[in-house]
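Notes for the one structure printed next.
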Amino acid sequence: MPKDSSIASLDRFLLQYAHLVGALHEQANCAQWDLSVESFAESLRRSTEKRFGGAEPDPGIVESYLKSLHLEDLALACACSEGRESAWEYFIVQFRRDLRTAAGAVLRSSGHADEARAGELADSLYAELYGVRSGADGPRKSLFEYFHGRSKLSTWLRAVLAQKHVDLLRTIAKTVSLESEMEGQPSRQLVDRDGSVPANPDPARQMYLTRVENALSSALAALTPRERMILTCYYVDRLTLSEIGRMLREHESTVSRQLERIRLALRDNVKQSLQRASPASSGRAAEPALDAAQVALAFEYAVEDWPFDLSQALSESGPAAGPTRK
């Protein structure tokens, strides 16, 4: 159940979006986990707070955001965070193989892959997902509370595994440095000269980010001028759907559908590009095809550390069309 400090904001959230929360609760099939409307609403509220921070966006934008979430995955995560046995049994059956596959991809990216180590990395996650108590009588904090439904649960789990592996590398780096100093030897270059751990110990992370950036630039260049204009208005100029609709003489629901179609097309084009091997060309080395787990990891790295200037990418991909009258 929600913490006391969040009850007031949860009450306001339920009051403002009561009808939508009820519909999403049913759509997410929460009944199979015996998950209450209040518990699911708290997950929706946290997700909204994470997405918009302290801002108060137009209710229509919030509704569009909530409808875009992976609701069944969010309900499963919520039920698991509450320790519901049926949800945990389902989770283990459905995701254990995916977790081990993802762990193998993470280890391959840093040159440490083998089946036994992949199994250890994947299995080590269960305790954190279930949660630990802060003190003997303290509340249990489940890692599932940090899942907000913006991506598929399987994709989020891959990112969590990647971060766990990075944390392990950092721990090893600190240990090696300490042991070297105790023995009077120079520390190995697992740590920087100032004694800090490198911010990015995963050697494949930058490669993934570069691949996503190149693929996204190509996908943006393939859009029509009108599609680029809609993206520019929404993501660069920060116009609302209703403002874009008035400019285009279209209903905001029509604009919302167009925007969703463009986003899905971009994602599909980027994914297909990452899954294709690219031969060497002028100024660029040959690029191998990525498997499904590596593509998912590349997307998560991009979400965590978005280094791309979308405004520049859209302007470089061609001129945007002006609004047209019907």
Side-chain angles (χ1 to χ4, degrees), residues 51 64-65 68-70 101-102 105-106 108-110 150-152 154-156 158-159 162-163 166 199-200 202-239 241 244 247-248 250 254-324:
R51 170 63 180 84
S64 296
Y65 169 73
S68 74
L69 299 177
H70 295 269
T101 300
V106 169
R108 280 199 303 277
S109 72
S110 57
R150 297 173 65 180
S151 64
K152 290 183 178 179
S154 57
T155 303
W156 178 80
R158 292 186 188 107
Q163 186 59 53
V166 167
N200 179 22
D202 182 354
R205 186 184 186 98
Q206 188 55 51
M207 179 274 290
Y208 284 137
L209 289 172
T210 301
R211 291 286 298 271
V212 172
E213 182 174 17
N214 292 338
L216 180 59
S217 296
S218 298
L220 288 171
L223 295 177
T224 66
R226 178 186 173 85
E227 290 171 334
R228 285 195 294 274
M229 182 199 66
I230 292 175
L231 288 179
T232 300
C233 288
Y234 190 77
Y235 289 108
V236 179
D237 298 334
R238 300 292 184 180
L239 298 183
L241 294 174
I244 299 173
M247 186 177 66
L248 297 177
E250 293 179 346
T254 303
V255 177
S256 177
R257 289 194 296 271
Q258 292 176 13
L259 186 62
E260 181 64 18
R261 177 182 57 77
I262 296 169
R263 283 194 294 242
L264 290 175
L266 282 174
R267 184 180 178 87
D268 287 344
N269 287 343
V270 170
K271 182 178 179 180
Q272 291 172 18
S273 177
L274 295 176
Q275 290 176 327
R276 288 195 302 267
S278 301
S281 58
S282 57
R284 183 180 297 181
E287 298 176 331
L290 303 183
D291 62 29
Q294 290 171 318
V295 169
L297 187 58
F299 279 142
E300 285 305 316
Y301 278 156
V303 170
E304 292 171 4
D305 185 19
W306 185 259
F308 318 131
D309 185 343
L310 189 58
S311 177
Q312 180 180 351
L314 284 167
S315 64
E316 290 177 350
S317 62
T324 57

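Just so we're clear, the structure is a prediction, and the values are computed from it rather than from any experiment. All heavy atoms count here, side chains included; hydrogens, waters and symmetry mates do not.
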Value for CE (M247) from CG (L239), rounded to nearest 0.5 Å, stands at 6.0 Å

Considering non-hydrogen atoms only, spot the tightest contact between I230 and I244 and give its length.
-> O-CD1, 4.3 Å

T155 side chain to S151 main-chain N or O, any donor-acceptor pair under 3.5 Å?
-> no

In chain order, what residues pass the side-chain contact (heavy atoms from CB on, under 4.5 Å) check against S278, with sequence neighbours excluded?
-> E287

Counting only pairs under 3.5 Å, give me each side-chain donor-acceptor contact of residues 264-275, with atom names and distances, residues two or more places apart or in other chains.
from	atom 1	to	atom 2	distance (Å)
N269	ND2	A265	O	3.3

Evaluation steps, side chain to side chain contact (heavy atoms under 4.5 Å, CB included), between V236 and L231 | CA-CA 7 Å; V236 179; L231 288 179; over 6 Å; no

S64 versus L241, closest heavy-atom pair with distance | OG-CD1, 4.1 Å

From CA spacing to verdict: salt bridge (Lys or Arg N to Asp or Glu O under 4.0 Å), R263, E260 | CA-CA 5 Å; R263 283 194 294 242; E260 181 64 18; 2.8 Å; yes

When you look at R150 and H70, which way does the side chain to side chain contact (heavy atoms under 4.5 Å, CB included) test go after all the steps?
-> CA-CA 6 Å; R150 297 173 65 180; H70 295 269; over 6 Å; no

Gap separating the CG atom of L69 from the CZ atom of R51, nearest 0.5 angstrom = 10.5 Å

Between CG on residue L220 and CD on residue E227, distance to nearest 0.5 Å | 10.5 Å

Could you check if a side-chain atom of Q258 sits within less than 4.5 angstrom of a side-chain atom of E250, using non-hydrogen atoms only?
-> yes

Shortest non-hydrogen contact between R276 and R211, atoms and distance = O-NH2, 3.7 Å

Residues that R158 engages under salt bridge (Lys or Arg N to Asp or Glu O under 4.0 Å), provided they are two or more places apart = none

R228 to L223 - nearest heavy-atom pair and separation | NH1-O, 2.6 Å

Does a side-chain heavy-atom distance below 4.5 Å link L297 with L290?
-> no

